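These notes are about the structure you will find just below.
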2 protein chains.
Amino acid sequence: MRTEKGAEVSYSVGQVAGFAGVTVRTLHHYDDIGLLAPSERSHAGHRRYSDADLDRLQQILFYRELGFPLDEVAALLDDPDTDPRAHLRRQHELLTARIEKLRKMAAAVEQAMEARTMGINLTPEERFEVFGDKDPEQYAEEAEQRWGGTDAYAESQRRAASYTKDDWKRMQAEVADWGERYDALMAAGEPPAGQAAMDMAEEHRQHICGWFYECSYELHQGLAEMYVADERFKAFYDSMRPGLAVHLRDAITANAARHSG
Amino acid sequence: MRTEKGAEVSYSVGQVAGFAGVTVRTLHHYDDIGLLAPSERSHAGHRRYSDADLDRLQQILFYRELGFPLDEVAALLDDPDTDPRAHLRRQHELLTARIEKLRKMAAAVEQAMEARTMGINLTPEERFEVFGDKDPEQYAEEAEQRWGGTDAYAESQRRAASYTKDDWKRMQAEVADWGERYDALMAAGEPPAGQAAMDMAEEHRQHICGWFYECSYELHQGLAEMYVADERFKAFYDSMRPGLAVHLRDAITANAARHSG
DNA sequence: GCTTGCACCTCACGTCACGTGAGGAGCCAC
DNA sequence: GTGGCTCCTCACGTGACGTGAGGTGCAAGC
């Protein structure tokens with residue numbers, strides 16, 4: 001019968017801090033507040049973390065990353081009615097929820113860029129939609145009440161943002177040039193799924209890649225939908241030529257399809 | 001010539017706090033430290049936030065969400081060499097990076113669950129891989145140096161975690177039952193892409209859904225790859241019957257394909 | 001005309017999760 | 001035996017606000 005000596009492994013603060021990506025001070029702190037007390041101390045009073053302690057630390061770090069205050073983390077982990085699997089389950093749910101929130105924030109950044117490009121000024125509610133934990137029902141009503149006559153108010157928000165820079169002009173010129181060529185394309189009766197229209201859609205995508213963020217075909221399609229769904233974006237494109245927004249949406253869809261196929 | 005009266009809209013602290021999802025105190029604080037000084041004050045000394053102020057606030061909140069300290073946020077936003085588009089661009093990059101990190105954390109949670117199910121104890125480095133900002137090169141070397149003889153050490157870590165609960169037993173029984181039936185299936189010479197094997201793969205997925213987290217077909221495939229790539233997971237399945245891990249992986253792939261098609 | 005209520009104001013201290021030394025102990029290597 | 005490393009325990013500092021305390025401006029109701 002061999003003794004399982006390796007089973008009694010334990011780690012010093014420095015070691016734990018090392019691979020857990022936290023400072024020694026943090027571990028001291030967790031010890032102080034009773035959140036993570038090492039299950040043993042060495043002869044010299046040094047903290048020794050067991051494998052189970054590491055397990056708990058991992059749970060702590062997950063909850064911390066998810067924004068829980070430490071006392072709540074302690075309450076959660078010390079709840080005898082909750083087994084470890086339940087924690088992992090909950091953490092998984094919270095993580096996916098948080099990912100979803102960040103994806104929405106990324107979308108908000110994309111929208112903000114598009115708005116800037118087209119000189120559209122978003123309303124405050126739109127700007128911060130992704131932040132505050134507003135319930136959307138009292139939303140419109142509140143806006144009406146607070147500033148009475150949302151129409152006039154909203155209209156005033158539509159004015160161009162005035163970020164006049166050097167290359168900003170160049171970009172605007174590019175957009176205008178592209179718009180003229182798209183206008184001509186439609187005048188020539190080119191269909192959205194045709195070669196010429198798809199090339200213009202691709203150029204549109206490249207324009208975003210170059211000036212803004214990395215724009216995948218998938219993301220590009222999302223934007224295309226917004227161009228027809230949101231009145232203001234639609235108005236921007238239709239001002240180049242009536243019906244351009246819808247035509248462009250279809251061209252973008254076709255262009256995406258040809259590149260994914 | 002109409003006067004654009006609507007253009008001079010401005011908002012009180014309460015309004016701004018309302019749709020930005022922050023407290024009034026936070027806005028006071030940002031004013032105190034000079035991060036966001038409202039561009040105007042009312043006759044009574046009340047803060048009045050202009051549209052441009054809201055713009056800046058949005059930037060602040062994005063950077064804050066991304067973990068920047070406020071003084072750095074101020075430095076970034078007050079840098080005259082950086083135009084607004086550059087900020088949005090950077091924010092978009094940081095957001096996608098952060099999403100990626102959270103996706104990895106979710107994967108770590110999944111791995112932790114699988115490990116628990118199979119009685120595998122992960123090594124500390126694996127546990128915290130997703131946290132610390134370790135560079136992976138000095139990784140193995142360091143582990144060797146620190147505990148000398150990683151083999152014996154790692155072996156000691158392989159023992160079963162002892163979370164013996166009530167329904168834990170039931171779950172283990174389910175796994176064992178499933179294992180026996182899969183063994184029989186292979187003994188009967190069923191191919192991975194066959195109906196029977198795919199049904200077992202689907203049952204495997206349902207098992208995860210039931211006991212753990214919502215497991216999509218896509219996610220299930222990711223797990224399947226891990227089962228053959230990681231020696232310990234592979235060993236777990238192959239202990240039911242040699243070659244089972246690979247067979248299962250193929251069955252899971254086939255099952256995913258039939259549901260996505 | 002007066003008070004009540006609401007949203008705003010300015011101090012100013014409290015809190016949470018650590019950061020950052022200060023001063024000292026154990027231990028291995030040269 | 002003397003650096004040098006990691007560990008220890010106070011204990012005060014800090015960043016990003018929270019939380020009253022006490023006072024002002026103003027529209028509505030009595």
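Predicted, not measured: the structure shown is a model, and the values here were computed from it. Naming convention: chains lettered A, B, ... in sequence-line order (proteins, then strands); numbering from 1 in each chain. Keep in mind that the numbers below use all heavy atoms, side chains included, and drop hydrogens, waters and symmetry copies.
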Counting just side-chain N and O atoms, does [X] come under 4.0 Å of either OP1 or OP2 of [N]?
X: B:Thr23; N: D:dG18; result: yes
X: B:Arg64; N: D:dC17; result: yes
X: B:Ser12; N: C:dA7; result: no
X: B:Tyr30; N: D:dC17; result: yes

Next item on the list: Grab the two heavy atoms, one from A:Ala17 and one from A:Leu27, that are nearest each other, plus how far apart they are.
Entry: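 The pair with the smallest heavy-atom distance is N-CD1, 3.8 Å.
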Next item on the list: Tell me which nucleotide among D:dT9, D:dG25, C:dA17 gets nearest to the side chain of A:Leu70.
Entry: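 Taking heavy atoms from C-beta onward, the closest nucleotide is C:dA17.
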Contact class for [X] (heavy atom, under 4.0 Å): base, sugar-phosphate, or nothing?
X: A:Ser42; result: nothing
X: A:His28; result: base
X: A:Arg48; result: nothing

Provide, to the nearest angstrom, the distance between the [atom1] atom belonging to [X] and the [atom2] atom belonging to [N].
X: A:Leu27; N: C:dC18; atom1: CG; atom2: C1'; value: 12 Å
X: B:Asp32; N: D:dT14; atom1: CG; atom2: P; value: 17 Å
X: A:Arg47; N: C:dG26; atom1: CZ; atom2: P; value: 16 Å

Note to self: For B:Glu40, I'd like to know if atom CD has over 12 heavy atoms of other residues, nucleotides or ligands within 6.0 Å.
What the structure shows: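 Atom CD in B:Glu40 is not packed in, count stays at 12 or less.
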Next item on the list: Give me the bend of the helix from C:dG1-D:dC30 to C:dC30-D:dG1, using the axes of the five pairs at each end, rounded to 10°.
Entry: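 It comes to 0° between the two terminal axes.
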Checklist line | Inter- and intrachain pairs under ring pair (Phe, Tyr, Trp, His ring centres under 6.0 Å), touching residues 85-113 of chain B, at least two apart | finding: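 Sorted pair list: A:Tyr213-B:His92, B:Tyr63-B:His87.
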Say whether, by atom type as modelled, one donor and one acceptor occur between the side chain of [X] and the main chain of [Y] under 3.5 angstrom.
X: B:Ser42; Y: B:His46; answer: yes
X: B:Asp55; Y: B:Ala52; answer: no
X: B:Glu65; Y: B:Phe62; answer: no

Notebook entry, point to check: Using a distance-only test with no angle check, is there a side-chain donor-acceptor pair under 3.5 angstrom linking A:Ser39 and A:Ser50?
Noted result: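 Yes.
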Next item on the list: Using the six-membered ring wherever Trp is involved, compare the ring planes of A:Tyr227 and A:Phe233 and label them parallel, tilted or perpendicular (cut-offs 30° and 60°).
Entry: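 Tilted.
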Check: Taking for each residue the nucleotide of DNA chain C bearing the nearest heavy atom, is the 5' side occupied by A:Ala44 or by A:Ile33?
Finding: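 Mapping each residue to its closest nucleotide by heavy atoms, the 5'-most match is A:Ile33.
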Would you tabulate the nitrogen or oxygen pairs shorter than 3.5 Å linking the protein to nucleotides 19-23 of chain D?
unit_1	atom_1	unit_2	atom_2	d
D:dT19	O4	B:Arg25	NE	3.1

